[in-house]
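Working notes, structure below.
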2 protein chains.
Amino acid sequence: MQKCIKCNSVDGVIRSGFLRGKQRFFCKLCNFHFILENENARLPQKATQATIVDLAKHLGIAASTVSRALNGKADISPFTRKAVMQAAIDLDYRPNLLAQSLNKGKTNTIGVVIPNVELPFFATALASIQQVAIDTGYRIMVCHSSESEAIEKLNTETLIACRVDGLLVSHSKETTSFEHIQRVLAKSIPIVHFDRVCNEIDTPKVIHEDFKGSFDLVEHLILQGCRKIGVMLGPQKFYISQIRLEGYKAALQKYGIEVDEKYIYYSEMNKNDGTKAFEYFINLPNPPDGLFAMLSRNAIEMMVEAKKRQIKIPEDMAFVGFGDDILCELFEPSLTVFNHFPTKVGEAAINLLIENIKNKNTTSSTIQSVQGELVIRDSSFKGKS
Amino acid sequence: MQKCIKCNSVDGVIRSGFLRGKQRFFCKLCNFHFILENENARLPQKATQATIVDLAKHLGIAASTVSRALNGKADISPFTRKAVMQAAIDLDYRPNLLAQSLNKGKTNTIGVVIPNVELPFFATALASIQQVAIDTGYRIMVCHSSESEAIEKLNTETLIACRVDGLLVSHSKETTSFEHIQRVLAKSIPIVHFDRVCNEIDTPKVIHEDFKGSFDLVEHLILQGCRKIGVMLGPQKFYISQIRLEGYKAALQKYGIEVDEKYIYYSEMNKNDGTKAFEYFINLPNPPDGLFAMLSRNAIEMMVEAKKRQIKIPEDMAFVGFGDDILCELFEPSLTVFNHFPTKVGEAAINLLIENIKNKNTTSSTIQSVQGELVIRDSSFKGKS
DNA sequence: ATGAAAGCGCTAACAT
DNA sequence: ATGTTAGCGCTTTCAT
């Protein structure tokens with residue numbers, strides 16, 4: 001196989017051990033020992049990436065041997081192993097994950113589809129997902145639907161095409177049809193929904209304590225003396241709108257307050273919808289004395305309006321919102337919220353997914369609810385407890 | 001090749017056109033026409049993903065023909081093409097991007113390394129990067145260093161291993177050594193630095209108008225009547241700390257104000273460092289009447305402290321910061337900032353990278369500076385202009 | 001302990 | 001217009 005560098009013949013050449021980590025040859029015909037010092041003179045030709053075959057040629061051994069050495073299999077002589085490792089360093093070898101994945105039939109990669117990284121909830125959840133992934137030896141591939149159903153579907157296709165081992169999905173606010181998710185299911189690709197889940201399909205989900213959170217916030221308002229409580233929700237079709245509304249109603253009911261449809265406002269969750277909602281509420285014949293917004297961002301927009309009109313917070317009007325972030329903390333007055341712990345949600349979701357990947361479990365439809373916490377701040381606290 | 005489903009012989013079978021989009025066969029031996037209706041009875045066995053070979057078998061044609069049809073090459077009969085397309089739908093075929101990439105030697109994927117998605121700048125930049133990527137037919141693979149040098153290096157390795165076509169990098173605040181970047185360069189993988197760039201290595205970069213931004217902010221403070229202006233920077237070793245300090249000094253110089261080292265404060269960019277910085281400044285024998293923070297988040301932390309001490313903003317002390325976000329806008333008083341337009345930075349970075357990928361240009365070291373804008377708000381505006 | 005060969009899914013050059 | 005073949009980089013039998 002190896003040509004003698006002296007007599008150019010092939011027939012008499014045999015390998016004769018290693019020297020300085022390199023394969024040594026002996027030509028029986030011309031009785032000559034040699035090492036292929038300048039074997040890598042071939043490299044500059046393709047200045048790109050050394051492959052396993054490059055290593056093999058470099059050492060004068062078989063590619064399969066290199067592979068085994070690299071992967072720490074037994075049945076490899078310490079000598080060869082050392083030589084391979086050294087060669088890998090010398091040639092700056094990096095395994096080609098594409099090839100590995102293609103061969104193994106798995107990528108060790110998890111696809112994540114989120115609607116908007118600019119929402120603090122998703123940014124934080126994403127950070128925690130990434131952390132768990134690193135710790136457990138997975139990679140993540142993040143796709144961003146920018147709240148567009150079309151892009152979300154495109155993203156899902158891309159991730160399937162990349163043969164991710166599993167999918168973590170939170171839907172865009174536009175999304176109304178779910179064939180793309182059905183397709184994932186049909187292909188037995190493990191999937192976990194989180195936060196913006198889809199209720200029409202039976203998948204594992206990680207959600208918040210939406211009912212309890214709403215209930216706690218509204219009960220808190222009532223305990224602070226509010227009796228006319230307005231609620232600002234997302235789109236009516238949203239599951240979380242519905243369930244958070246139920247929490248709201250349950251709290252009113254507990255304290256014998258009648259539900260007034262005029263105090264229920266649905267929005268499209270666009271920027272500044274809080275402003276519009278506030279306009280609506282303040283122009284009611286009998287304006288609320290407490291306002292609960294499904295998104296804390298909206299609660300803050302409402303407070304901005306209230307302050308413009310010199311309304312005293314929380315005395316004249318108290319505010320609470322769902323979900324915490326730094327703005328809620330630093331805005332004045334600081335906003336009372338139900339913190340739904342984005343970090344815990346992200347962690348729960350990826351852990352559940354990894355578990356399902358490992359067990360090849362694509363049928364489970366566990367629903368995990370992450371415990372939240374009422375954080376009372378200045379926007380609602382009137383000294384009563 | 002195809003066994004006759006009647007006489008089980010292979011020799012006499014020839015293809016005889018298509019029927020309902022399916023390959024039709026004719027067995028010369030038993031004089032029998034047939035279609036492989038139940039060919040896909042094989043599918044459930046591997047309920048996973050149809051491959052190009054599955055399609056080929058299904059239609060009784062060659063895999064390469066399927067490939068060509070799928071890729072819209074010329075030289076394919078409309079008939080075959082239609083049949084292939086239909087089969088692709090029937091079997092829910094999705095190309096395996098791993099295989100495609102391995103074969104083509106490129107992935108159409110761009111790797112993005114950012115230190116922290118939870119910072120609004122990176123969240124917004126990331127969203128714009130993703131958008132451009134989608135529009136230009138690239139995918140992105142996002143990695144998150146969580147401000148850790150070790151994870152950043154790991155991420156870089158991962159992305160190289162995934163054979164991304166190019167890299168978009170913003171360093172963690174910890175990062176001090178850059179061999180991982182050198183390695184990228186050595187492998188001729190196109191790379192573009194943005195925001196947190198590395199000056200020790202000659203790479204293309206997209207940066208802000210750091211000098212001009214600082215200059216404008218400080219000049220604005222001076223024009224509002226401030227004479228004792230404190231500056232809070234990041235780590236001294238950071239390039240942006242240095243350059244923003246220069247802008248600060250230049251503005252003072254222009255108005256004949258002497259630079260006082262006591263008014264310069266370096267921080268490690270941790271949470272609440274603004275609080276510490278404020279403590280420092282307020283305890284100086286001669287406290288500043290204007291404060292400039294390199295990160296607007298820090299400016300806000302300082303204002304929180306100032307308000308606690310009943311300091312009048314902007315009359316007694318004015319505040320400005322670098323970088324805009326919703327908190328700057330909604331905090332009271334709203335913060336005067338130099339907006340460095342994260343969206344534009346992200347777009348510029350990915351466009352530059354894609355250009356270099358297409359031109360196989362790995363040596364260019366263009367430096368693009370994205371134009372920013374002074375946004376004057378309540379934290380500093382005293383009515384003068 | 002190591003090599004040879006097949007195969008993961010796809011594309012492209014080369015037939016025909 | 002379509003089939004055959006080789007090869008992308010890697011792992012994994014199966015030999016030896």
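Proteins come first, then strands; the chains are lettered A, B, ... in the order of their sequence lines, and each starts at number 1.
For A/Ala99, taking side-chain heavy atoms from C-beta onward, the closest of the listed nucleotides C/dG3, D/dC10, C/dC14 is D/dC10. Taking only side-chain atoms of A/Ser77, from C-beta outward, the nucleotide of C/dC10, C/dA1, D/dG9 with the closest atom is C/dA1. Distance from the side chain of B/Lys104 is smallest for C/dA12 among the nucleotides D/dC10, D/dA1, C/dA12. Comparing C/dT11, D/dT4, C/dT2 against the side chain of A/Thr80 picks out C/dT2 as the nearest. Ranking D/dT11, C/dA12, C/dT11 by closeness to the B/Lys73 side chain, first place goes to C/dA12. Candidate nucleotides D/dT4, D/dT12, D/dT2 were compared by shortest atom distance to the side chain of B/Ile76, and D/dT2 ranks first. For A/Thr65, whose side chain is taken as the heavy atoms from C-beta onward, the closest listed nucleotide among D/dG3, C/dT2, D/dC10 is C/dT2. Closest contact between the side chain of A/Gln100 and the listed nucleotides D/dT11, D/dT12, D/dT2 involves D/dT11.
For D/dG9, its base never sits under 3.5 Å from the side chain of B/Arg163 at any donor and acceptor pair. At a cut-off of 3.5 angstrom, counting only N and O atoms as typed in the model, there is no donor on one side facing an acceptor on the other between the side-chain of B/Arg94 and the base of C/dG9. Counting atom types as modelled, A/Ser64 pairs a side-chain N or O with a base atom of C/dA4 as donor and acceptor under 3.5 Å.
With A/Val132 as the fixed residue, the side chain to side chain contact (heavy atoms under 4.5 Å, CB included) test singles out one of A/Ile350, A/Ile140, A/Leu353: A/Ile350.
Going from atom CG of A/Leu97 over to atom C1' of D/dT11 covers 14 Å, rounded to whole Å. Nucleotide C/dA12 holds its P atom 13 Å from the CG atom of B/Leu70, rounded to whole Å. Separating the CZ atom of B/Arg68 from the C1' atom of C/dA15 is a distance of 11 Å, rounded to the nearest angstrom. The nearest whole Å value for the distance from the CD1 atom in B/Ile61 to the C1' atom in C/dT11 is 15 Å. The separation between B/Leu59 atom CG and D/dA1 atom P is 18 Å, rounded to whole Å. Here C/dT2 presents its P atom at 10 Å from CZ of A/Arg81, a figure rounded to the nearest Å. The interatomic distance linking B/Leu91 (CG) with C/dG9 (C1') rounds to 15 Å, in whole Å. Between the CG atom of A/Leu98 and the C1' atom of C/dT11 there is a distance of 15 Å, given to the nearest Å.
The aromatic rings of B/His171 and B/Phe178 lie perpendicular to each other, with more than 60° between the two planes, well past the 30° mark.
At a threshold of 4.0 angstrom between heavy atoms, the contacts of B/Lys106 with the nucleic acid are absent. Within 4.0 Å of A/Asn103, counting heavy atoms only, lies at least one base atom of the nucleic acid.
In this model, the phosphate group of D/dC8 is not approached by any side-chain N or O of A/Asn96 to a distance below 4.0 Å at OP1 or OP2.
Between B/Lys73 and B/Asp75 there is no salt bridge, since no side-chain nitrogen of the basic residue lies less than 4.0 Å from a carboxylate oxygen of the acidic one. Salt bridge absent: A/Glu179 and A/Arg183 never bring a charged side-chain N and a carboxylate O closer than 4.0 Å.
No donor-acceptor pair closer than 3.5 Å links the side chain of A/Ser172 to the backbone N or O of A/Pro115.
Both B/Leu102 and B/Ala74 sit near DNA chain D, but only B/Ala74 has its closest nucleotide nearer the 5' end.
There is no side-chain donor-acceptor pair under 3.5 Å between B/His180 and B/Glu157.
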